[in-house]
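To start, the structure under review is shown below, and the notes come after it.
Within every chain, numbering begins at 1; the chains are lettered A, B, ... in the order of the sequence lines, protein sequences first and strands thereafter. These values consider heavy atoms only, across backbone and side chains, with no hydrogens, waters or symmetry-generated copies.
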Amino acid sequence: MKTRFALVDCNNFYASCERVFDPRLIGRPLAILSNNDGCVIARSEEVKRLGVPMGAPAHEHKATFEKNAVVVMSSNYALYGDMSARVMETLRPCVPTMEVYSIDEAFLALEDWQGVEFARELRARVRQWTGIPVSIGIGPTKTLAKMANRLAKKTLELGGVLDLETVRDMDELLSRVPCEDIWGIGKRLAVRLAAGGIRTACDLKHGEAAWVRKTLGVVGERIRLELQGVSCLTLEEVPAPKKGIASAKSFGRPVESLRELEEALATYAARAAEKLRAGRLLARQVHVFVATNPFSARQPQYSAGAQTALVRPSNHTPDLIAAALELLREIYRPGHQYKKTGIFVTDLIAESDLQPDLFDAAPEAAGRVRELDQIVDGLNRKLGRNAIRYGSMGVKSRWAMRQERRSRKFTTRWDELPVAKA
DNA sequence: TCTGGGGTCCTAGGACCC
DNA sequence: TCTGGGGTCCTAGGACCC
């Protein structure tokens with residue numbers, strides 16, 4: 001039995017989520033912005049056709065947006081995360097195994113009989129159950145399934161589905177795919193390949209093994225084999241345990257005072273602690289960084305980081321805040337216009353793997369600490385993020401990111417449910 | 001004026017050990 | 001006066017992904 005992979009990818013995912021809950025957006029050009037309303041991170045087809053590239057700074061395209069009546073929205077991750085879960089749960093029972101690859105993509109392992117017909121039905125089912133349109137690419141390796149998916153999305157006549165088994169001349173097809181469109185090859189590697197005369201997926205597939213290995217390392221060699229149909233990347237059904245958890249954000253406006261940096265960093269540290277607890281993990285290392293705005297050429301630049309080990313692995317909010325603020329005071333230099341700060345916790349272990357320590361607080365005290373965290377998490381889930389917070393996180397948050405046009409949390413908060421009028 | 005956030009994997013080089 | 005080589009672990013930096 002030969003293995004075949006399908007890649008299911010939601011079309012313009014964030015834009016599609018918004019359209020499910022506001023049908024007036026259907027057919028209108030729609031752009032979704034990153035945190036801080038900074039970059040364009042999702043575009044409806046209409047916006048793609050206007051030539052606004054992925055990741056473009058929003059302010060550079062303001063005129064295009066105005067001229068074409070583009071609806072511009074802030075991103076709403078609570079909504080997208082929940083819609084993603086619905087899509088994944090729709091797919092899961094239809095195949096023997098699957099890997100959730102990102103918020104809007106899943107690799108499926110297919111049985112022999114599952115081909116174009118199956119993919120069409122699956123596509124219709126996801127559309128009907130969740131409102132989200134998807135494209136499906138099928139191939140003998142993950143890299144080829146990914147490529148099939150891109151082509152399915154781009155070629156309207158295919159109806160959103162392409163199985164490479166139905167393609168007669170693979171080399172002809174591969175010769176129309178430039179290297180930088182191959183999964184795993186970015187701009188830099190494409191330049192290196194071009195220096196050796198390799199410009200298309202077909203060139204790479206037939207490239208000389210030793211040269212590819214030397215130029216791109218094992219990563220490139222794997223891709224070359226995958227293009228030949230030799231599967232090197234397996235389906236990761238169970239997600240690998242996390243190695244680190246980050247929480248970092250740019251400010252809505254520049255920040256100079258230590259006091260405000262501390263508030264922001266304490267807020268991110270609390271968020272990191274919350275994520276640790278959600279995954280039943282403890283961190284041993286805490287890294288902190290600050291940076292000025294790298295795009296601001298006229299201002300003096302400063303960026304710095306520092307790290308420390310916690311006395312005992314922890315996911316308790318005050319522990320992380322204390323460690324983070326101490327590091328911040330080490331690296332803070334007055335007189336700079338800071339744009340960003342963040343925390344990164346690493347060296348993670350499962351709560352259940354913690355070795356008891358001779359000097360640990362009495363068990364009942366540790367239990368109370370855990371209970372306090374659980375109460376805070378519970379209230380914040382119910383009342384909204386940071387409804388209950390530590391004093392060091394501040395109240396006014398003048399540094400908070402901009403999010404001027406966010407839709408409601410239609411599916412995850414009772415008080416933001418959509419209202420239907422009959 | 002305005003340029004995201006959260007991850008992964010690989011490699012090279014240094015420290016250290018035997 | 002002579003002064004190895006192989007293995008492992010760690011870290012920083014680069015490249016990629018969505």
From the options [options], select the nucleotide whose nearest atom is closest to the side chain of [X].
| X | options | value |
| --- | --- | --- |
| Y77(A) | dG4(B), dC10(B), dG7(B) | dG4(B) |
| K146(A) | dG4(B), dC17(C), dT11(B) | dC17(C) |
| E60(A) | dT11(B), dC17(C), dT3(B) | dT3(B) |
| V219(A) | dC18(C), dT3(B), dC10(B) | dC10(B) |
| I41(A) | dG7(B), dC10(B), dG4(B) | dG4(B) |
| W183(A) | dG5(B), dC17(C), dG7(B) | dC17(C) |
| R188(A) | dG7(B), dC16(C), dG4(B) | dC16(C) |
| K249(A) | dG7(B), dG6(B), dT3(B) | dG6(B) |

Output yes when at least one side-chain N/O atom of [X] is less than 4.0 Å from OP1 or OP2 of [N], else no.
| X | N | value |
| --- | --- | --- |
| K243(A) | dG6(B) | no |
| S250(A) | dG5(B) | yes |
| R253(A) | dC2(B) | no |
| K340(A) | dG5(B) | yes |

Rounding to an integer number of Å, can you tell me how far [X] [atom1] sits from [N] [atom2]?
| X | N | atom1 | atom2 | result |
| --- | --- | --- | --- | --- |
| Y80(A) | dG5(B) | OH | P | 15 Å |
| L216(A) | dA12(B) | CG | C1' | 17 Å |
| I185(A) | dC18(C) | CD1 | P | 13 Å |

Using only heavy-atom distances, determine whether the side chains of [X] and [Y] contain a donor-acceptor pair under 3.5 Å.
| X | Y | result |
| --- | --- | --- |
| N12(A) | S44(A) | no |
| T234(A) | E236(A) | yes |
| S407(A) | E18(A) | yes |

- Task: Describe, in one word, how the ring planes of Y338(A) and H336(A) are oriented to each other, choosing from parallel (under 30°), tilted (30 to 60°) and perpendicular (over 60°).
- Result: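 Rings of Y338(A) and H336(A): perpendicular, as their planes differ by over 60°.
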- Query: Hey, would you say the Y14(A) and Y77(A) ring centroids sit under 6.0 Å apart?
  - Reply: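 When the ring centroids of Y14(A) and Y77(A) are compared, they turn out to be within the sub-6.0 Å range.
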- Item | dC18(C) and dT3(B), which share atom name P, separated by this distance in whole Å | 24 Å
